[in-house]
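Numbering of residues begins at 1 and proceeds along the displayed sequence. Just so you know, ligand 1 is whichever comes first in the structure, and atom 1 is the first atom listed for that ligand. None of the values given here were measured: they were computed from a predicted structure.
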Amino acid sequence: MSTQIIIVDDDPLIAEMLATAASMIGFQTLTFMHGVEFLSYDVQPQDIVVLDLNMPGFDGIEVLRALSEKNISVALVLISGQDRGVLHSAEKLARAHAMDVIGSLTKPITIPEFQHLLLKQYAAFRDQKFPLGNEEKLLPEADEVEHAIRDGQLVVHYQPQVDMKTSLMVGVEALVRWQHPERGMIYPDMFIPVAEKNGLMGELTASVFSSVLKDSQAWWEEGLTLHQSINISADNISSLGLPEQLMSLLDAHQRAPSSLTLEITESTLMDELVTSLDILTRLRMKGFELSIDDFGTGYSSLSHLHRIPFTELKIDRGFVSDMIEDTEARAITKTCIMLGHELNMKVVAEGIESQAIWDMLVEYGCDYAQGYYIAKPMPAEALLEWSVSNKHKN
Ligand code: C2E
Ligand code: MG
Ligand code: MG
């Protein structure tokens, strides 16, 4: 199974340059100068299509539509001579047509930039789509997830959040994982949707809460006091008994709600606004901190901020990780920080992967930082050790 790079661009010079760049790093290449010609070719799932959006006669968007009508899903690199705004909307459209967009580039494109994208993104794409040869990653069944929760197979990892002024850890986000006896570690994106669809989120959240309360007690005994953030899903905030359920768990551990932040994603709030308003307002009244997670990706961000008593705004990692190369992502990140501060909220940036991103966020006055550059999520015991080295760094 070898991957071909298929270039669809009406400009012969650019097509030739891209083909040469790809073959220099070992890919097979094929070039089409017209969208219609390309559509008659039998493209394979492992191929990567480099598609120019601006082609006379039959443009890149029409090619996307035609592929989708034929139920063909390919990996794409989109290119355009227009501004990034056009590329962004084209990316969204391609994803809505179930295509994998592995990158997009504005012209003029340099050879190293194109080669870098192919080498880096292609590896990630292949591993995700064709893990261990051709095996499909299967979603678990509802009863397996139920059994995992009840059998104690869920574990919680913690990712540090540091104060950007002092670089010291102030809190952690709790992230659930499934330690499967045969399949190894399974990440939440694989099983949370199954739990949500099958009414298992109440149990799952209670189990995460118990682990967090137990682990934080152990840290406290070792002299480490931390704030903890826990993710809450749509299902949780449609159950009116949630505030009382959480309070009784906290009472059992003699803990006050003020050391906990509940993270709620914007898309969650879309579903049942009245019920979630009721529950979130009562949670806030009981003393929980509330964070709006993945901010900027939902549909009606601003009106949510107005209605719901959030104490923290978490900028989506998509914007943060792109903010160095992408001026629009940078403008959005900067505006989110200003907006959060105007509304008296603390602002957390997640997805910080480099010193350059860290420095820029410091310049913009962001309060807290979370990301691989600082630390990856880790088990509770590892966090103690990490906290010691984090202190010594200062
Ligand atoms: P989230 O709440 O937005 O969590 C942040 C995700 O970003 C985590 O993925 C984390 O590992 C990842 N991340 C952090 N820093 C970086 C970085 O620098 N680069 C990159 N590429 N990624 C980074 P994870 O653990 O796979 O969790 C995915 C999502 O699953 C979470 O997104 C959250 O929505 C959901 N989730 C996780 N645990 C729970 C839970 O206990 N309950 C509920 N309801 N949802 C959960
Ligand atoms: Mg979160
Ligand atoms: Mg997030």
Asks: Answer yes or no: is there an ion pair linking Arg95 with Glu91, defined by an N-O contact shorter than 4.0 Å?
Replies: yes
Asks: Which atoms form the tightest heavy-atom contact between Asp235 and Met201, and what is the distance?
Replies: CB-CB, 3.6 Å
Asks: Examine Glu173 against ligand 1 and note whether any of their N/O atoms are separated by less than 3.5 Å.
Replies: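 Yes, at least one N or O pair falls under 3.5 Å.
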Asks: Counting heavy atoms only, name the option from Asp294, Ile357, Leu175, Ile192 that's nearest to atom 31 (C) of ligand 1.
Replies: Leu175
Asks: Report the member of Glu350, Met201, Gln159 with the shortest heavy-atom distance to atom 5 (C) of ligand 1.
Replies: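 That would be Glu350.
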Asks: Counting backbone and side-chain atoms alike, is an N, O or S atom of Glu350 positioned under 2.8 Å from the Mg ion (ligand 2)?
Replies: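 Not a single backbone or side-chain N, O or S atom of Glu350 is under 2.8 Å from the Mg ion (ligand 2).
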Asks: Strictly under 2.8 Å, is any N, O or S atom of Ser291 next to the Mg ion (ligand 2)?
Replies: no
Asks: In Glu173, the N, O or S atom nearest to the Mg ion (ligand 2) is which?
Replies: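 Glu173's closest N, O or S atom to the Mg ion (ligand 2) is named OE2.
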Asks: Decide whether an N or O pair under 3.5 Å exists between Val176 and ligand 1.
Replies: yes
Asks: Is there a side chain to side chain donor-acceptor pair (under 3.5 Å) between Glu173 and Ser229? Walk through the geometry before answering.
Replies: CA-CA 5 Å; Glu173 176 172 8; Ser229 297; over 6 Å; no
Asks: About how large, to 10 degrees, is the angle OD1 of Asn231, then the Mg ion (ligand 2), then OD2 of Asp293?
Replies: 90°
Asks: What is the name of the N/O/S atom of Glu263 that is nearest to the Mg ion (ligand 2)?
Replies: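 In Glu263, the heteroatom (N, O or S) nearest the Mg ion (ligand 2) is OE1.
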Asks: Out of Tyr187, Tyr372, Phe191, whose heavy atom sits nearest atom 18 (O) of ligand 1?
Replies: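 Answer by nearest heavy atom: Tyr372.
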Asks: Would Tyr373 count as being in polar contact with ligand 1, using the rule that some N or O on each side must be under 3.5 angstrom apart?
Replies: no
Asks: Does Glu353 pair with Arg317 as a salt bridge, N-O distance under 4.0 Å?
Replies: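 No, this pair does not count.
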Asks: Identify the heavy atoms of Ala142 and Leu200 that sit nearest to each other, and give their distance.
Replies: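 Minimum heavy-atom contact is O-CD1, 3.8 Å.
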Asks: Could an N or O of ligand 1 be found under 3.5 Å from any N or O of Arg317, whether backbone or side chain?
Replies: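 Yes.
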Asks: Strictly by modelled atom types, are Glu328 and His88 linked by a side-chain donor-acceptor pair under 3.5 Å?
Replies: yes
Asks: Check whether any side-chain N or O of Gln159 sits under 3.5 Å from a backbone N or O of Ala375 as a donor-acceptor pair, and report yes or no.
Replies: yes
